[in-house]
Amino acid sequence: MTSVAGHLNSQDFEGAYKSWNGCSPDALFEAPITTYVENDKKAIATNIETQARYASVLFIWTDCDREGEHIGTEIRETALKGNRRLEVRRARFSNIERAHILSAAQSPIHIDENQANAVAARIELDLRIGASFTRMQTLTLRPLLEAHGMGEEVKVLSYGSCQFPTLGFVVERYFRVKNFVPEAYWSIKVMHLKDDIRVNFTWSRGHLFDRLAVFIIFERCLAAGLARVTKVETKPTSKWKPLPLTTVELQKCGSRFLRMDSQRVMKIAEDLYTKGWISYPRTETDQFDEGIDLRSIVQKQVQGHAWGQFAQGLLDGGFNQPRAGRNNDKAHPPIHPVNFVDPPALANDEERRVHEFIVRRFLACCSQDARGSKSTVSIAYGSESFTASGLQVLERNYLDVYPYDKWTSTQQLPDFVVGETFEPTEAFMREGKTSPPGYLTEPDLIALMDANGIGTDATMAEHIAKIKTRQYVSTRPRGRVVRAEGEDGDDVFDEEPPVRGARGRGRGCGARGRGGGDNNTRGNTGADGVQEFIPTTLGVALVQGYDGMGFDISLTKPFLRKEMELKMKAICENRTTRREVVQQSLEMYREVYVKATRQMDVLRDSFRRYVFNEPPTG
DNA sequence: GCAAGGTC
């Protein structure tokens with residue numbers, strides 16, 4: 001039994017093509033590529049080759065996903081070098097429970113060549129396209145940057161099929177905020193005081209954008225004088241417990257509840273995993289296998305100070321099978337604690353926070369939905385209908401162990417009877433304005449990447465970090481929450497950003513500092529400490545520049561990446577081949593490349609306009 | 001000096 005650690009092989013261009021000045025960047029579309037073993041993997045490769053000599057059968061137990069399948073072929077080729085007669089088998093498994101492993105060992109299958117080929121295509125395309133575009137745009141735009149004294153700050157202008165769409169999301173939202181035009185609307189509010197309770201009724205039309213129309217309707221209400229109760233209803237309601245934890249969800253929650261960026265959360269989760277406290281942190285699966293013994297995992301948490309009692313409660317009858325989400329990567333279970341560790345024994349506060357979240361999330365999954373009762377009163381007033389509602393939380397259940405969710409009772413509604421009439425204590429027209437969306441936050445960005453298939457669970461955080469180090473975007477704590485009903489929309493959004501180029505700013509301006517300190521936001525109204533993403537002038541210039549070239553398929557939108565994903569799937573399903581996909585995609589990108597190089601002036605103008613603040617030439 | 005994908 002031995003192991004690898006991720007991919008065994010690396011790929012790079014051969015000879016002169018390796019050097020930035022050794023060839024024209026477009027030569028990289030067809031330059032020869034060598035496969036070699038990186039120095040830090042040599043010992044692993046040699047080990048496998050040597051061990052193969054003493055074996056007659058090789059069992060491959062890499063992750064059962066696409067990349068894992070490809071790694072399997074790397075292991076196979078390495079082992080065959082040592083022993084040409086080696087038989088190769090592949091184990092199919094998705095968790096490491098004893099029974100599951102035994103059954104996987106007893107019914108081995110073969111490596112899925114299609115999946116491995118799909119990955120081989122991805123590797124080649126990422127390398128060729130990434131390297132050619134990166135060199136091309138760096139080499140052509142650097143003179144411009146140098147002429148403006150920015151050659152030192154901006155070393156590389158990289159292009160990647162994941163980083164560019166990620167940047168595109170940030171820029172797109174920035175412009176949506178910047179170009180937002182508030183629109184006035186009007187609504188009707190009704191309040192009635194009964195049994196000393198102020199009951200606020202909301203208009204079933206919400207609001208309308210025509211003042212006169214609302215005024216006429218409102219007049220009719222007043223003319224009617226009396227409101228009549230048309231419906232009184234009390235219904236049981238519930239707040240669902242969360243789904244089993246995936247990587248994407250962990251990262252979103254990290255930003256939202258733990259005040260950590262996604263890369264930080266992943267680093268910590270990886271440490272917790274390596275130390276044996278939690279299961280594998282990179283998973284897309286949000287459903288637990290039937291076979292897994294969840295009660296015994298709950299049992300381990302009974303000794304916890306903060307949540308032990310709750311865990312005991314689950315064992316004493318409160319246990320409930322977790323909900324099943326729609327995703328299953330067939331490689332890993334949802335993230336869950338695998339052993340008990342006393343929080344003080346963990347390395348630091350950040351580690352404790354992530355660990356606590358994972359344990360609480362797991363216990364919440366094994367608990368019951370929260371139950372409540374919702375009352376609704378509807379009235380007819382003039383020609384219009386209005387409703388008021390109240391919530392009473394009856395059983396908190398999972399909420400007791402999962403403080404990240406909020407669900408609280410509202411004021412109780414007084415008793416109303418159908419048919420009852422009253423003259424509302426207050427009725428008035430209210431003017432409001434639509435308000436702009438906020439800048440993208442990290443959870444927003446991760447959700448967008450997830451929805452558009454940009455990156456994998458293991459790499460999304462890296463792509464986000466990448467566009468930060470490339471100085472395409474910067475982050476800052478969100479100063480205020482923009483959501484406020486009705487009036488708001490003052491013009492805070494027309495100030496400052498995008499952040500001035502790369503200039504004068506150390507790296508990582510965010511609230512890193514000491515653990516948990518949100519000091520820089522605490523005083524602000526509605527500050528919640530979540531980071532928001534704002535493009536730099538450099539990021540805006542790149543996106544606007546490329547978009548200005550008018551390609552059929554935008555380089556800054558997620559479509560190209562999605563297409564690659566579809567093509568990989570087609571290879572997996574034997575509908576096409578690796579060769580075909582690589583050839584087709586390279587042809588398409590070469591066309592984009594040629595068009596882009598012909599229109600570099602558009603990109604230069606965009607740099608002049610956004611980065612250097614100069615008027616466009618000619 | 002390039003990419004994205006594994007993973008310590």
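In what follows, chains are A, B, ... by sequence order, proteins preceding strands, each numbered from 1.
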Practice prompt. Check every strand shown and say whether A/Glu270 touches a base, only sugar-phosphate, or nothing at a heavy-atom separation below 4.0 Å.
Written response: nothing

Worksheet entry | Residue whose closest nucleotide on DNA chain B lies nearer the 5' end, A/Ile71 versus A/Arg128 | A/Arg128

Fill in: Distance-only donor-acceptor test, A/Asp12 side-chain atoms vs B/dC2 base atoms, 3.5 Å
yes

Discussion item. Heavy atoms only, 4.0 Å cut-off, all strands: where does A/Glu69 land among base, sugar-phosphate and nothing?
Written reply: nothing

Worksheet entry | A/Thr285, A/Asp63, A/Thr283 screened by side chain to side chain donor-acceptor pair (under 3.5 Å) with A/His332, the one that passes | A/Asp63

Practice prompt. Give A/Tyr17 one of three labels, base, sugar-phosphate or nothing, depending on what nucleic acid heavy atoms sit under 4.0 Å from its own.
Written response: nothing

Practice prompt. Answer yes or no: is there an ion pair linking A/Asp605 with A/Arg609, defined by an N-O contact shorter than 4.0 Å?
Written response: no

Practice prompt. Round to the nearest Å and state the distance from A/Lys275 atom NZ to B/dC8 atom P.
Written response: 14 Å

Worksheet item: So, A/Asp444 versus A/Thr441: side-chain donor-acceptor pair below 3.5 Å or not?
Response: yes

Fill in: Interatomic distance, A/Glu38 CD vs B/dT7 P [rounded to whole Å]
17 Å

Worksheet, complete the sentence: The nucleotide from B/dT7, B/dA3, B/dG5 with an atom nearest the side chain of A/Ala458 is B/dT7

Worksheet item: Nearest of B/dA4, B/dG5, B/dC2 to any side-chain atom of A/Arg470?
Response: B/dC2

Discussion item. The side chain of A/Glu67 is closest to which nucleotide in this list: B/dG5, B/dA4, B/dG1?
Written reply: B/dG5

Worksheet item: Under 4.0 angstrom, heavy atoms only, what part of the nucleic acid is A/His463 near: base, sugar-phosphate, or nothing?
Response: sugar-phosphate

Worksheet item: In terms of side-chain heavy atoms of A/Tyr280, which of B/dG6, B/dC2, B/dG1 is nearest?
Response: B/dG6

Item to complete: Looking at every strand, decide which applies to A/Gly68 at a 4.0 Å heavy-atom threshold: base, sugar-phosphate, or nothing.
Response: nothing

Worksheet item: So what does A/Lys41 touch, heavy atoms closer than 4.0 Å: a base, only the sugar-phosphate, or nothing?
Response: base

Item to complete: Measure the distance from CD on A/Gln115 to P on B/dG5 and round it to the nearest whole Å.
Response: 16 Å

Worksheet item: How many Å lie between CG on A/Leu542 and P on B/dC2, as a whole number?
Response: 16 Å

Worksheet entry | Lys/Arg N to Asp/Glu carboxylate O, A/Glu113 vs A/Arg76, below 4.0 Å | yes

Discussion item. Rounded to whole Å, how long is the line connecting atom CD of A/Glu284 with atom P of B/dG6?
Written reply: 9 Å

Worksheet entry | Listed nucleotide nearest any side-chain atom of A/Leu127, set B/dG5, B/dC2, B/dA3 | B/dA3

Worksheet, complete the sentence: The residue, A/Gly455 or A/Asp40, whose nearest nucleotide of DNA chain B is more 5′ is A/Gly455

Discussion item. So A/Tyr159, base contact, sugar-phosphate only, or nothing? Heavy-atom distance under 4.0 Å.
Written reply: sugar-phosphate

Worksheet entry | Rounded interatomic separation in angstrom, taking CD from A/Gln11 and P from B/dG6 | 14 Å

Discussion item. Using a heavy-atom cut-off of 4.0 Å across all strands, would you classify A/Ser132 as base, sugar-phosphate, or nothing?
Written reply: nothing

Worksheet item: A/Thr456 near the nucleic acid: base, sugar-phosphate alone, or nothing, with a heavy-atom cut-off under 4.0 Å?
Response: sugar-phosphate

Worksheet item: With a 4.0 Å cut-off on heavy atoms, is A/Asp63 in touch with a base, just the backbone sugar-phosphate, or nothing at all?
Response: sugar-phosphate

Worksheet item: Between B/dC8, B/dG5, B/dG6, which nucleotide gets closest to the side-chain atoms of A/Arg282?
Response: B/dC8

Worksheet item: Are the charged groups of A/Asp601 and A/Arg604 less than 4.0 angstrom apart, N to O?
Response: yes

Fill in: Donor-acceptor side-chain pairing of A/Asn21 and A/Ser19 below 3.5 angstrom
no

Worksheet item: Of the nucleotides B/dA3, B/dC8, B/dG5, which one has an atom closest to the side chain of A/Thr459?
Response: B/dG5

Practice prompt. Remember a base hit wins even if backbone is also touched, and classify A/Arg122 as base, sugar-phosphate or nothing at under 4.0 Å, heavy atoms.
Written response: base

Item to complete: Report yes or no: is the ring centroid of A/Trp20 under 5.5 Å from the six-membered base ring centroid of B/dG1, with the two planes under 30 degrees?
Response: yes

Worksheet item: Rounded to whole angstroms, how far apart are NE2 on A/His332 and P on B/dG6?
Response: 9 Å

Worksheet item: Under 4.0 angstrom, heavy atoms only, what part of the nucleic acid is A/Arg142 near: base, sugar-phosphate, or nothing?
Response: base

Discussion item. For A/His7 and A/Glu74, which I'm curious about, is there any donor-acceptor pair between the side chains at under 3.5 Å?
Written reply: yes

Worksheet item: Are OP1 or OP2 of B/dA3 and a side-chain N or O of A/Ser158 less than 4.0 angstrom apart?
Response: yes

Worksheet entry | A/Arg561 side chain near B/dG5 phosphate (N/O to OP1/OP2, under 4.0 Å) | yes

Discussion item. Please report the distance, rounded to the nearest Å, between CD1 in A/Ile33 and C1' in B/dA3.
Written reply: 11 Å

